[in-house]
> 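Below are the structure tokens for one structure; questions will follow.
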Amino acid sequence: MVNFKEEERLNTLNHSCAHVMAQAIKHLYPQAKFWVGPVVAEGFYYDVDLGEDVITDESIAAIEKEMKKVCKEGKKIYRREISKSEAMELFAGDEYKLDLIEDLEDGNITVYDQGDYTDLCRGPHVDNTKLCKNFKLVKHSGVYWKGDANNKVLQRVYGVCFPTPEELEEHIKLLEEAKERDHRKIGKDMQLFMVDDLIGRGLPMFLPRGYTIWQELENYIKEKERKLGYQHVMTPCVGTVNLYKTSGHWDHYKENMFPAMEMEGESFVLRPMNCPHHMMIYANKMHSYKDLPIRIGEIAHDFRFEASGTLKGIERGRHFCQNDAHLFVTPEQIADEVSKVVDLIFDVYKDFNITDYRCVLSLRDPADTKKYHQDDEMWNTAEDALRKVLKDLHIEFTEEIGEAAFYGPKLDVNVKPAVGNEYTLSTCQLDFCLPAKFELTYVDKDGEKKTPVVLHRAILGSLDRFMAYILEETKGNLPLWLAPSQVKILPVKNEDEELLAYAEEIRELLDRAGMRVELDARSEKLSYRLREAQIQKVPYILVLGNNERNDRTISYRLHGQQKTTTVSIDAFVEKLTNEIDNKLVAPVEEA
RNA sequence: GCUGAAAUAGCUCAGUCGGUAGAGCACUUCACUCGUAAUGAAGGGGUCGUGGGUUCGAGUCCCAUUUUCAGCUCCA
């Protein structure tokens, strides 16, 4: 584990390496103008305007070569304090640096010199460029200046730097291992899902083995919800445009919806979310305060026209299934219901052994009048309410401005995948907005009609995305209850009729016990079939020969292990049933 | 959508200077009957993503296009 001091040292080194890269780029592209070059979680990057030039894989190699040269020269790095007017003069003609200097306070401006290169920087830096020699440029891309799609595209080059070549090597190895954990690779290798151009991009299809996992997840969460008083519904994947105009989604998100279909003078869209459908289910009848909370749940198919560059296997597609629910509550019930949702989230994370997550309270940006529903009082009430509940529950969270939904603040639980950026797995959103738009009511104690509050929540998020995460976390070695194939039976010989009969008897027995079991009696060597079963990541591999048949026992081997264990048939069934029913994340070994 | 890269058999990939398509695995058949990660042999399988162009000749060079990948932006 890297401690804080070490991390600071590493950050300084990476920051200096960013300057070395900038210097090298300046040598190769004299017209280069630099924006910012910060240290990030995995190294550093620098954004640069190369005018007409762009960065390609070849130019990366050239830049690396030039950087080696800069490091070898080993120029001292000097820090200099300068005044704002000096800075303006030094960087005259560089609109990017001037833009940065504009926001800096006079008397608080420093530049760093190394040989023929000077950069505006607050530092700190290592004292010589030769310390930066253990680096690698890992990727590059075009980025919008200040992240705004209306601005000019700059070139961003990412790199990493370490004190020793060994640490650099180790880091590169880790990156490669992460690629092996990518759910898209696992999904292909294990035949879980597929995509096809003719079906359409962003539209993955679950194969039998993948759908088995999917169904287990569906059953799992629905059972949890049922016990907590949720009622499940099924609603259509299409709705009228008017439905989404009523909810407000049309104004906010129509660019990201599949376009409207006009039929018989009516306009329909594939639904991007289920809130409006569930609102109408609530509105279907009169409700008393005594009926609340009402919890409407659905494993719901949704369609969003995500930008092509954002599609990623089953983690983010244009069709997905939300583990969605809308809780209709009185204002007094908010705290209790949010707390139950939070409990459910962490209960589920415990079942799946998910420990590496981050809670975010996503708030509106009051300055963004376009995105957010305009009602200051509503926002203040909702944000304060949600913040208070989280604090009372002693949940550790950070607050992020401008991350709220257009209708209300939310608690997001974020995780990081093997490859790529953090995403939200679970969410709980507090909404004072949609119930009013749909004029939802309940009759309170005093006989007055009042507007309920709605909690939007998704625990597994989308089943597709959750599955992607679990595949990456487990590297495809799923717990028994989720494994597409739980037991593989390998008779030692396949021409011994009595042995085959015994293998078939065991297969039927396990099948009747509700297990997913396969018998592999092909005329291949045992070691061949065993190897295949291991590659398929089948948790339990049974090897049955005449020893087992004579004793009426079972010999099994766990995926990825060498050890063979022999037990009675009953003991084996009991062991597996226990493991499946209790959804254990790892097999229990006898003492 | 934006910047860059890539696309060759079901999968993983090779294919040099432009000279007419390769391997391993998988699949089919035959032989082998085997006690814990690959038995041997033979065979089938490709309009080299798609469409144009250059050339005597294109998997290879050029243009367009589709899809995939990395990053950016976005994620109700």
Side-chain angles (χ1 to χ4, degrees), chain A residues 45 47 50 54-60 138-158 179 182 184-185 188-189 191 194-198 200-202 244 247-257 271-276 302 304-313 315-316 320 322 371 373 403-408 410 412 419-421 423-424 427 429 431 434 456 461-462 465 490-496 499 523-535 541-548 555-557 559-564:
Chain A
Y45 69 78
D47 285 352
L50 295 179
V54 291
I55 297 285
T56 63
D57 289 3
E58 283 98 65
S59 33
I60 287 289
V138 286
K139 54 205 171 197
H140 60 94
S141 120
V143 297
Y144 301 115
W145 184 45
K146 295 187 175 179
D148 186 333
N150 300 312
N151 283 344
K152 188 168 181 185
V153 172
L154 306 180
Q155 305 295 314
R156 176 175 297 177
V157 183
Y158 289 88
K179 271 189 209 154
D182 189 323
R184 289 167 295 191
K185 177 168 166 47
K188 202 176 204 176
D189 290 350
Q191 284 288 292
M194 61 171 281
V195 283
D196 187 279
D197 290 359
L198 201 52
R201 65 198 302 198
Y244 294 97
S247 68
H249 287 102
W250 186 254
D251 287 341
H252 287 276
Y253 296 105
K254 67 169 175 288
E255 293 75 24
N256 294 308
M257 290 161 74
R271 72 168 170 200
M273 86 294 298
N274 323 296
C275 330
D302 290 327
R304 295 180 183 179
F305 198 83
E306 305 284 10
S308 55
T310 64
L311 303 172
K312 194 177 169 199
E315 186 182 301
R316 193 161 176 201
F320 63 101
Q322 273 196 73
K371 177 171 174 185
H373 177 73
E403 294 294 318
F406 78 84
Y407 47 73
K410 51 185 186 171
D412 287 328
V419 173
N421 297 330
Y423 54 73
T424 298
T427 186
Q429 314 175 353
D431 177 8
L434 294 188
H456 305 240
S462 87
R465 176 175 285 187
L490 308 179
V492 172
K493 293 181 222 177
N494 74 340
E495 279 185 354
D496 183 332
L499 180 58
S523 65
E524 298 288 350
K525 279 179 77 173
L526 175 64
S527 57
Y528 179 88
R529 287 174 287 151
L530 183 81
R531 176 173 185 271
E532 202 172 89
Q534 291 280 18
I535 289 169
I541 300 166
L542 269 48
V543 175
L544 302 182
N546 283 321
N547 297 341
E548 286 78 11
S555 289
Y556 70 84
R557 186 170 151 165
H559 170 73
Q561 293 187 16
Q562 306 277 328
K563 196 179 119 197
T564 302

> Check A:His252, A:His373, A:Gln429 against A:Tyr407 for a side-chain hydrogen bond (donor to acceptor under 3.5 Å, both in side chains) and give me the one that passes.
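For A:Tyr407, the side-chain hydrogen bond (donor to acceptor under 3.5 Å, both in side chains) test succeeds with only one of A:His252, A:His373, A:Gln429, which is A:Gln429.
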> Sticking with atom C1', work out how far B:G1 lies from B:A58, rounded to a whole angstrom.
33 Å
> Once you apply a heavy-atom cut-off of 4.0 Å, does A:Lys410 come out as touching a base, just sugar-phosphate, or nothing?
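Counting heavy atoms under 4.0 Å across all strands, the contact made by A:Lys410 is with sugar-phosphate only.
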> Mind checking the C1' distance from B:G4 to B:G24? Whole angstroms is fine.
32 Å
> Taking the same atom, C1', in B:G57 and in B:G19, what whole-Å distance lies between them?
7 Å
> Report the C-alpha distance between A:His249 and A:Leu434 in whole Å, list the side-chain angles of each, state the deciding distance to 0.1 Å, and finish with yes or no for side-chain contact (heavy atoms from CB on, under 4.5 Å).
CA-CA 10 Å; A:His249 287 102; A:Leu434 294 188; 4.1 Å; yes
> Taking the side chain as every heavy atom from C-beta outward, state whether A:Tyr423 and A:Asn421 have any atom pair closer than 4.5 Å.
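Result no, sub-4.5 Å side-chain heavy-atom pair not found.
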> Picking from A:Arg529, A:Gln561, A:Gln534, what satisfies side chain to side chain contact (heavy atoms under 4.5 Å, CB included) with A:Ile541?
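Result: among A:Arg529, A:Gln561, A:Gln534, A:Gln534 is the only option passing the side chain to side chain contact (heavy atoms under 4.5 Å, CB included) with A:Ile541.
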> How close or far is atom C1' of B:C72 from atom NZ of A:Lys152, stated in whole angstroms?
16 Å
> What's the gap between B:A76 and B:G51 when it is taken at their P atoms, as a whole Å value?
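Straight-line distance between the two P atoms is 41 Å.
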> Have a look at B:C17 and give me syn or anti from its glycosidic angle (syn if within 90° of zero).
syn
> Shortest non-hydrogen contact from A:Arg184 to A:Val419?
NH2-CG1, 4.4 Å
> Using 4.0 Å as the upper bound for N to carboxylate O, is an ion pair formed by A:Lys410 and A:Asp412?
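Salt bridge present between A:Asp412 and A:Lys410.
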> With sequence neighbours excluded, tell me which residues meet ring pair (Phe, Tyr, Trp, His ring centres under 6.0 Å) with A:Phe305.
A:Phe258
> Taking atom P of B:U3 as reference, at what distance in whole Å does atom OH of A:Tyr144 sit?
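Whole-Å distance recorded here is 7 Å.
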> Quantified in whole Å, what is the C1' atom distance between nucleotide B:A26 and nucleotide B:C62?
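Between the two C1' atoms, the distance is 37 Å.
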> Distances under 3.5 Å between protein N/O atoms and the N/O atoms of nucleotides 68-70 of chain B, please, pair by pair.
residue : atom : partner  : partner atom : Å
B:U68   : OP2  : A:Arg201 : NE           : 2.7
B:U68   : OP2  : A:Arg201 : NH2          : 2.7
B:C69   : OP1  : A:Arg184 : NH1          : 3.1
B:A70   : OP1  : A:Arg184 : NH2          : 2.5
B:A70   : OP2  : A:Arg184 : NH1          : 3.2

> Nearest heavy atom decides the nucleotide; on that basis, is A:Thr56 or A:Lys254 closer to the 5' end of RNA chain B?
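Nearest-nucleotide comparison on RNA chain B picks A:Thr56.
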> Using whole Å, what does the distance between atom P of nucleotide B:U3 and atom OH of A:Tyr158 come to?
16 Å
> Give the rounded distance in Å between these two atoms: CZ of A:Arg156 and P of B:G4.
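Taking atom P of B:G4 as the reference, CZ of A:Arg156 is at 16 Å.
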> Which whole number of Å gives the distance between the P atom of B:C34 and that of B:A42?
25 Å
> May I ask you to say what A:Ala405 touches in the nucleic acid, namely base, sugar-phosphate or nothing, with a heavy-atom cut-off under 4.0 Å?
sugar-phosphate
> How far, in whole Å, is B:A41 from B:C25 if one measures between their P atoms?
10 Å
> Paired stems touching RNA chain B, three or more consecutive Watson-Crick or G-U pairs with both distances under 3.5 Å?
B:1-7 with B:66-72, B:10-13 with B:22-25, B:27-31 with B:39-43, B:49-53 with B:61-65
> Rounded to whole Å, how long is the line connecting atom CE of A:Met194 with atom P of B:U67?
16 Å
> Only counting residues at least two apart or in another chain, list the ones meeting side chain to side chain contact (heavy atoms under 4.5 Å, CB included) with A:Arg531.
A:Ile535
> Have a look at A:Asp148 and say if it touches a base, only the backbone sugar-phosphate, or nothing, with a 4.0 Å heavy-atom cut-off.
nothing
> Would you measure the distance from the P atom in B:G59 across to the matching atom in B:G52 and give it in whole Å?
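Taking atom P in both B:G59 and B:G52, they lie 14 Å apart.
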> Kindly check if the number of other-residue, nucleotide or ligand heavy atoms within 6.0 Å of NZ (A:Lys179) is above 12?
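Open.
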> What is the nucleic acid contact for A:Tyr407, judged by heavy atoms within less than 4.0 Å: base, sugar-phosphate only, or nothing?
sugar-phosphate
> What do the steps show when you test A:Val54 against A:Gln155 for side-chain contact (heavy atoms from CB on, under 4.5 Å), and what is the final call?
CA-CA 7 Å; A:Val54 291; A:Gln155 305 295 314; 3.6 Å; yes
> Stepwise, does the side-chain contact (heavy atoms from CB on, under 4.5 Å) test hold for A:Arg304 with A:Tyr253?
CA-CA 10 Å; A:Arg304 295 180 183 179; A:Tyr253 296 105; over 6 Å; no
> Quick one: A:Ile55 CD1 to B:C2 C1', roughly how many Å, whole number?
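Rounding to the nearest Å, CD1 of A:Ile55 and C1' of B:C2 are 16 Å apart.
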> Step by step, work out the side-chain contact (heavy atoms from CB on, under 4.5 Å) result for A:Thr564 and A:Val543.
CA-CA 9 Å; A:Thr564 302; A:Val543 175; over 6 Å; no
> For A:Gly147 and for A:Ala307, find the nucleotide of RNA chain B with the closest heavy atom, then tell me which residue's nucleotide is more 5'.
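It is A:Ala307 whose nearest nucleotide is closer to the 5' end.
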> Give the B/S/- string for nucleotides 34-44 of chain B, one per nucleotide from 5' to 3', where a protein heavy atom under 4.0 Å of the base yields B, of only the sugar-phosphate yields S, and otherwise -.
BBBBBB-----
> In this structure, how many angstroms lie between the P atom of B:C75 and the CG atom of A:Asn256, rounded?
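Spelled out: CG on A:Asn256 to P on B:C75 is 8 Å.
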> List for me each residue that meets ring pair (Phe, Tyr, Trp, His ring centres under 6.0 Å) alongside A:Trp250, sequence neighbours excluded, and say none if there are none.
none
> Check the phosphate of B:A76 against A:Asn274, side-chain N and O only, distance under 4.0 Å to OP1 or OP2. Yes or no?
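No, because none of the side-chain N or O atoms of A:Asn274 sits under 4.0 Å from OP1 or OP2 of B:A76.
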> Nearest whole Å is fine: how far is B:C72 C1' from A:Arg316 CZ?
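So the CZ-C1' distance, A:Arg316 to B:C72, works out to 13 Å.
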